[in-house]
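Data block below; observations after.
Not measured: the values here are computed from a predicted model.
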Amino acid sequence: MMNAAVSFIGGTNGDKQGLAATVTANPGELKLRAALSDTNFTDGSAVKPGNILLSVEKPGSFTVDFDIPKKDVQFQFLNTFKVEGKQVNWVYTHSRNENRTVLDGTLLLDSANKISASHELGSVNCKLKYSYVHRGLVTFEPCYDLANNSWDLAVTRRIGVDLIKATYETSNRVLGVELSSSSLVNKTGRIKVSAAFSLTEGLQSPKLSVDSMWNFPV
């Protein structure tokens, strides 16, 4: 079985325009993926592929990403275990070129509450996040960044199959609003509209971005 996805990205910030395409195959327990992204329209006619990524994944176990242009490899290992009856998910990610290792862990307290942490080994970069889902419709996610000594907040509201999300980053005073919808297109597609407001010098015109994606079997 093979599937393909194509997405178009456009916006007012100029540095975020182009096409992305992904082809996925599932031979046995493995998932093979080839992705082409950052394909920018520079002069209205030229298409320049900026990134080719090949991946081998065993869902719930590991993922290996090969970045062809950067000649880089990223390894990701996943595991799940129980602590006093509570499920813990952890992810170990290592990037070879950057020699960077990140550990992510999530403790599921119940169906509505979870606590997660992300730490880059050998650095002070660490984020702690609490997530609460109210009646399956509204999600509140406060996050504390230890490196910047700052708080971020995200609130997501589900309306049918669509999502409206608002975020605020206190470290750089950026307010974000995002609409992710499949009801506006069709069952095999999704459109995402994002707006980012910088509040450092008062309310300015936002940076806008539109990302549309279509999935179809090959």
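- The nearest pair of heavy atoms linking G189 to S182 is O-CB, 3.4 Å.
- Of the inter-residue distances, the one linking Y168 atom OH with D152 atom CG reads 9.5 Å to the nearest 0.5 angstrom.
- The hydrophobic cluster containing Y132 also contains L137, counting ILVMFWY residues as joined when their side-chain heavy atoms lie under 4.5 angstrom apart, directly or transitively.
- Residues V64 and V102 are members of separate hydrophobic clusters, defined by side-chain heavy-atom contacts under 4.5 angstrom among Ile, Leu, Val, Met, Phe, Trp and Tyr.
- Residues S180 and R190 meet the side-chain proximity criterion, which asks for heavy atoms closer than 4.5 Å.
- Annotation: side chain of Q76 is in contact with side chain of V91 (closest heavy-atom distance under 4.5 Å).
- The two atoms that bring T156 and K165 nearest to each other are OG1-CG, 3.4 Å, heavy atoms only.
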Evaluate side-chain contact (heavy atoms from CB on, under 4.5 Å) for V23 paired with R33, printing each intermediate quantity in order. CA-CA 6 Å; V23 177; R33 183 172 65 251; over 6 Å; no

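- For the ring-ring contact (aromatic ring centres under 6.0 Å, His included) condition, the pairs that include at least one residue of residues 136-161, sequence neighbours left out, are Y144-W151.
- A single hydrophobic cluster is not seen to contain both L163 and L153; linkage of ILVMFWY side chains at heavy-atom distances under 4.5 Å, directly or through other members, places them apart.
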Please test T80 against N89 for side chain to side chain donor-acceptor pair (under 3.5 Å), starting from the C-alpha separation and ending with a verdict. CA-CA 5 Å; T80 299; N89 302 325; 3.0 Å; yes

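- L54 CG to I68 CD1: the interatomic distance, rounded to the nearest 0.5 Å, is 4.5 Å.
- Grouping the Ile, Leu, Val, Met, Phe, Trp and Tyr side chains by contacts below 4.5 angstrom, directly or via other members, places I52 with V73.
- The two residues E120 and S123 make their nearest non-hydrogen contact at O-OG, 2.9 Å.
- Cluster annotation: V155 and V133 are assigned to distinct hydrophobic clusters (Ile/Leu/Val/Met/Phe/Trp/Tyr, side-chain heavy-atom contacts under 4.5 Å, transitive).
- The side-chain heavy atoms of D67 and P69, taken from C-beta on, include a pair separated by under 4.5 Å.
- Here K129 contributes atom NZ and D145 contributes atom CG; the two are 12.5 Å apart, rounded to the nearest 0.5 Å.
- In this structure, the side-chain contact (heavy atoms from CB on, under 4.5 Å) partners of K58, at least two apart in sequence or on a different chain, are E29, L30, S61, F62.
- Residue E178 holds its CD atom at 9.0 Å from OG of S209, rounded to the nearest 0.5 Å.
- Across every non-hydrogen atom of K31 and T24, the tightest pair is CG-CG2, 3.4 Å.
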H94 and Y92: CA distance, side-chain angles, deciding distance, side chain to side chain donor-acceptor pair (under 3.5 Å) verdict: CA-CA 7 Å; H94 178 75; Y92 170 95; 4.6 Å; no

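- Considering CZ of R173 and OG of S150, their distance stands at 13.5 Å, rounded to 0.5 Å.
- Residues T63 and V56 fail the side-chain proximity criterion, which asks for heavy atoms closer than 4.5 Å.
- Of the inter-residue distances, the one linking D65 atom CG with R96 atom CZ reads 13.0 Å to the nearest 0.5 angstrom.
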Contacts table for residues 103-118: side-chain donor-acceptor under 3.5 angstrom, sequence neighbours left out:
residue, atom, partner, partner atom, Å
D104, OD1, S118, OG, 2.6
D110, OD1, A112, N, 2.8
D110, OD1, N113, N, 2.8
D110, OD1, N113, ND2, 3.0
D110, OD2, N113, ND2, 3.3
N113, OD1, Y130, OH, 2.3

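- Between V83 and V88, the closest heavy-atom pair is CG2-CG2, 3.8 Å.
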Stepwise side chain to side chain donor-acceptor pair (under 3.5 Å) test for D72 and Q74: CA-CA 7 Å; D72 191 14; Q74 177 177 281; over 6 Å; no

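- Annotation: side chain of L199 is in contact with side chain of L175 (closest heavy-atom distance under 4.5 Å).
- Shortest non-hydrogen contact noted between T139 and E141 is CG2-CG, 3.8 Å.
- Using a 4.5 Å heavy-atom cutoff, the side chains of I159 and I164 are in contact.
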